[in-house]
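As structure tokens, the structure follows; a few thoughts come after it.
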Amino acid sequence: MRYLSPLLAVALMLVCGMVLFLVLGKSPVEGFKVFFIQPMADRYGVAELFLKATPLMLCAVGLSVGFRGNVWNIGAEGQLLVGALAGGGVALFFPNSHSPLLLPAMFVAGALGGMLWAAIPAWLRTRFNANEILTSLMLVYVAELMVSWLVHGPWKDPDGFNFPQTRLFQSKAILPILVEGTRVNAALIVALVVLIIGWVFMNRSFLGYQMKVSGQAERAGRYAGFSARRTVWIGMLVGGCCAGLAGVSEVAGPIGQITEHISPGYGFAAMIVAFVGRLEPVGILLASLLMALLYMGGEQAQQYLGLPFSISKVFQGLLLFFILGSDVFIHFRLRLDRGRK
Amino acid sequence: MAPGLVSAVLFATIVAGTPLILTALGELVTEKSGVLNLGAEGIMSVGAVAAFAVTLNTGSPLLGIVAGMVAGMAMSALFGFAALTLQANQVASGLALSIFGVGLSAFVGKPYESQTLSSVAPLKIPLLSKLPVLGHALFEQQALVYFSWIMLAVVAWFLYRTRWGLVLRAVGETPVAAHAIGYNVLRIRYLAAIFGGAMAGIGGAFLSVFYTPLWVEGMVAGRGWISLALVVFATWRPLRVMLGAYLFGGAMITQMFVQGSGIRLDIPAQFLSALPYLATVVVLVLISRNRSTIRLNSPASLGQPFMPDA
């Protein structure tokens, strides 16, 4: 059931989607085609799928480490933005650098930026006992406003006709394209490496084991002498680090500059990816592709069916509900029970 | 400050605080029954869009409020089904509700963007509204503002002065004991969660029908989350919810008054906009710093699932 329940959730989401299309007066078959088949119809579409899955994968791996340890970092969106600012900042401050180390430096800066933003709720939680759910989320709004301030103010492109965006990054600060004729870039490799590191950390390291124990049975962890503070710190910092990398993958990838619209909610969607992927790297890989498909389906539905793009968020929310609900089949065995009052 | 300005600031603070009071009072009751519903942001969004759509089509703000309330109840029933009936993780289910609600409201609300409602005339209380300074600020408000005060009294009375309030608190503290003496824990928790949803739906309705009279995607702007923080800030006590809500309302309108006052401050607008969010963090830290305050005041079974063993 553990691996069947995500499939069940996806199936339920599809059924709901069909009903939704019916209610909206669109043919469900047509809707299904436009939403789920058309985005993958050609090579370019498949490449786009991997492109969009990259930041989702990165954020979700990081979040899964925290979620395993019962650390509720829901501010990945903010950490992604600060990572994008830090990484993008490196690109903007070295506009003439030809060093091959520029991109790696951007990723390091992005990771540090994300970790810095995640360190705030971690510190507030460990030092002051403040709930990390609320603090990490509040910092998302702060990060959004910070991006807005920078692109409207100090970092605005002086030759940009007053558009709220920075200069375009120079060519050395743009991630190399992997497949000619598409937009899929080297960040995918970074994401896959992070997936593997994530798997090793959670399944083959003592620290990862401690995280799992603390998450599943807090008292057992405490009696075993595993530090609860360390669990919070690791959970938050890993999440922030990965989200920061995701931020760099966006600004140094398809966007190529810092704008006000770096992420269409990847940090939030990544929570769904983490749950649908059962907090395991392989599952996260598959779930991130599914979530990327939902994003692309939303774009297609906007273009061909005249539906608002936010339909993909409706699907995302439904999916998370169904995945949580179908856990009932993991925790309990359903049995027909007749004749009992 | 001139009396006119004091009155205006007070007036705006109360208006800005009202959706927070409504939502936070609902969440307070929900949490008192031991259920942590993190979906307030989503419920408010859906409530706001439902209220706006109905008001626009019927011309009746009252029907709009009812629509917001019903939408909020439906949303929290959905949460209840996942978190109570199916025993899913409450934190995750609440997040799901938030993501779903924000997405759903954006989707449903798309056709309503760029439309505006005519503003609703405030309800003047005779005599009292003639008071100097305070009269305008306190007694020339929208009906929902008075409603929020009435609900504050009702919630406080219900929780601490009625038998069923006691039962609800018992369910939140020790569900096992409440179950053992014959109360249906899950039903009480459902009712508490649905009450919370109704209040958050009304809070959303206040935003879209009275506060800004329009609908824009993302207009709830974290007020649902701030309301959750308010409950912690209030250490689960109704009267403090109101105090906190007006404090936050004040933080939210600072920007408006600084920009409108003509004082040239060398602070970017974004910094002022970040104030309520930063204030939330600071306040959470100040309250949570004392672990025993939190432990003494928060419902003991908050967030923990309860399964009656048949």
Side-chain angles (χ1 to χ4, degrees), chain A residues 20 24 67 70 72 74 120-121 124-125 127-131 133-150 152-154 265 268-269 271-272 275 298 307-329 331-332 337 340, chain B residues 36 38 41-42 78-79 81-83 85-89 91-111 113 217 221-222 225-226 228-229 232 268-274 276-291 294 307 310:
Chain A
L20 184 64
L24 293 168
F67 290 167
N70 239 346
W72 294 96
I74 65 169
I120 301 171
L124 297 179
R125 164 76 193 273
R127 176 74 181 74
F128 299 107
N129 192 33
N131 183 320
I133 301 176
L134 293 169
T135 52
S136 65
L137 188 95
M138 286 297 128
L139 289 173
V140 174
Y141 292 99
V142 178
E144 278 172 356
L145 289 164
M146 198 155 76
V147 172
S148 162
W149 169 60
L150 284 172
H152 278 101
F268 295 112
M271 290 191 285
I272 308 175
F275 282 114
L307 295 171
F309 175 63
S310 33
I311 190 172
S312 48
K313 286 196 179 147
V314 176
F315 275 103
Q316 291 174 8
L318 281 175
L319 182 62
L320 182 51
F321 255 118
F322 288 136
I323 191 78
L324 294 170
S326 59
D327 276 0
V328 77
F329 295 114
H331 300 314
F332 303 98
D337 196 357
R340 192 176 65 96
Chain B
L36 180 64
L38 291 180
E41 181 81 7
L78 189 66
F79 167 82
F81 182 70
T85 305
L86 297 181
Q87 312 258 323
N89 182 316
V91 173
S93 307
L95 290 176
L97 195 72
S98 272
I99 294 175
F100 175 66
V102 171
L104 183 69
S105 66
F107 179 68
V108 176
K110 199 75 191 170
E113 282 192 347
E217 183 180 343
W225 296 104
I226 291 180
L228 292 176
V232 181
Q270 287 91 349
F271 279 67
L272 292 171
S273 303
Y277 307 115
L278 291 172
T280 309
V281 173
V282 170
V283 153
L284 270 176
V285 166
L286 290 179
I287 290 292
S288 312
R289 199 173 48 162
N290 190 343
R291 274 164 206 267
I294 294 293
M307 212 205 9

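Note: hydrogens, waters and symmetry copies are ignored here, and every other heavy atom, side chains too, is used. Labels below follow one simple rule: chain letters A, B, ... track the order of the sequence lines, proteins then strands, and each chain is numbered from 1.
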Exercise for review: Determine the option with the most heavy-atom pairs under 4.5 angstrom with chain A, choosing from B/P111, B/A106, B/G101.
Suggested key: B/A106
Point to revise | Minimum heavy-atom distance between B/V285 and A/A130, given as atom pair plus value | key: CG2-CB, 4.0 Å
Point to revise | chain A contacts, top residue of B/A92, B/A274, B/P276 (heavy-atom pairs, under 4.5 Å) | key: B/A92
Review point. For A/E144, what residues pass the side chain to side chain donor-acceptor pair (under 3.5 Å) criterion, not counting sequence neighbours?
Key: none
Revision key, fill the gap. Highest number of heavy-atom pairs under 4.5 Å with chain B among A/G317, A/S310, A/G325 belongs to A/S310
Check your understanding: Of all of A/Y141, A/F315, A/F322, A/F268, which one pairs up most often with chain B through heavy atoms under 4.5 Å apart?
Key -> A/Y141
**Study point:** Any A/L134 side-chain heavy atom under 4.5 Å of B/L228 side chain
**Key:** yes
**Study point:** Interface moiety of B/F271 toward chain A, non-hydrogen atoms closer than 4.5 Å
**Key:** side chain
Exercise for review: Applying side-chain contact (heavy atoms from CB on, under 4.5 Å), run through A/F309 and B/F107 and close with a yes or a no.
Suggested key: CA-CA 8 Å; A/F309 175 63; B/F107 179 68; over 6 Å; no
Check your understanding: How far does OG of B/S288 sit from CZ of A/R127, to the nearest 0.5 angstrom?
Key -> 13.0 Å
Check your understanding: For A/W72, is it the side chain, the backbone, both, or neither that has a heavy atom closer than 4.5 Å to a heavy atom of chain B?
Key -> side chain
Check your understanding: Which bit of B/L286 comes within less than 4.5 Å of chain A, counting heavy atoms only: side chain, backbone, both or neither?
Key -> neither
Review point. Going from CD1 on B/I99 to CD on A/Q316, what distance comes out if it is rounded to the nearest 0.5 angstrom?
Key: 7.5 Å
Practice item. Sort out for me which of B/L284, B/V91, B/L104 touches chain A most, counting heavy-atom pairs under 4.5 Å. Key: B/V91
Practice item. Answer with side chain, backbone, both or neither: which region of A/L137 has an atom nearer than 4.5 Å to a non-hydrogen atom of chain B? Key: side chain
Check your understanding: What part of B/T280 is in contact with chain A, defined as an atom under 4.5 angstrom from a non-hydrogen atom: side chain, backbone, both or neither?
Key -> side chain
Practice item. Would you mind checking which part of A/I323 comes under 4.5 Å of any heavy atom in chain B, side chain (CB onward), backbone (N, CA, C, O), both or neither? Key: neither
Practice item. Measure distances from B/E113 to the heavy atoms of chain A and classify the residue's part below 4.5 Å as side chain, backbone, both or neither. Key: neither
Practice item. Check whether A/M271 gets within reach of chain B through its side chain, its backbone, both or neither, counting any heavy atom under 4.5 Å. Key: side chain
Point to revise | Steps toward side-chain contact (heavy atoms from CB on, under 4.5 Å) verdict (A/L320, B/F100) | key: CA-CA 8 Å; A/L320 182 51; B/F100 175 66; over 6 Å; no
**Study point:** Side-chain touch B/Q270/A/L150, heavy atoms, less than 4.5 angstrom
**Key:** no
**Study point:** Any residue meeting side-chain contact (heavy atoms from CB on, under 4.5 Å) with B/A83, in chain and number order, not counting sequence neighbours
**Key:** B/F79, B/Q90, B/S93
Point to revise | Engaged part of B/A82 at the chain A interface, taking heavy atoms whose separation is under 4.5 Å | key: side chain
Exercise for review: Give, as side chain, backbone, both or neither, the part of A/I120 having an atom under 4.5 angstrom from any heavy atom of chain B.
Suggested key: neither
Point to revise | Gap separating the CG atom of B/L38 from the CD1 atom of A/I133, nearest 0.5 angstrom | key: 5.0 Å
Exercise for review: Quick one: closest heavy-atom pair of B/G222 and A/M138, and the distance?
Suggested key: O-CE, 4.3 Å
Practice item. Begin from the C-alpha positions of A/L145 and B/Y277 and carry the test side-chain contact (heavy atoms from CB on, under 4.5 Å) through to its verdict. Key: CA-CA 11 Å; A/L145 289 164; B/Y277 307 115; 4.2 Å; yes
Check your understanding: So which part of A/F275 gets closer than 4.5 Å to some heavy atom of chain B, the side chain, the backbone, both or neither?
Key -> side chain
Revision key, fill the gap. Heavy-atom closest pair (B/V281 atom, A/L124 atom, distance to 0.1 Å) is CG1-CD1, 3.4 Å
Study note, to complete from the structure: Cut-off 4.5 Å, heavy atoms of chain B, and the answer for A/I74 is side chain
Revision key, fill the gap. So, the part of B/L78 with a heavy atom under 4.5 Å from chain A: the answer is both
Exercise for review: Tell me, out of A/D327, A/L319, A/I311, A/V142, who's got the most heavy-atom pairs with chain B below 4.5 Å.
Suggested key: A/I311
Check your understanding: With a 4.5 Å heavy-atom cut-off, do A/F128 and B/N290 have their side chains touching?
Key -> no
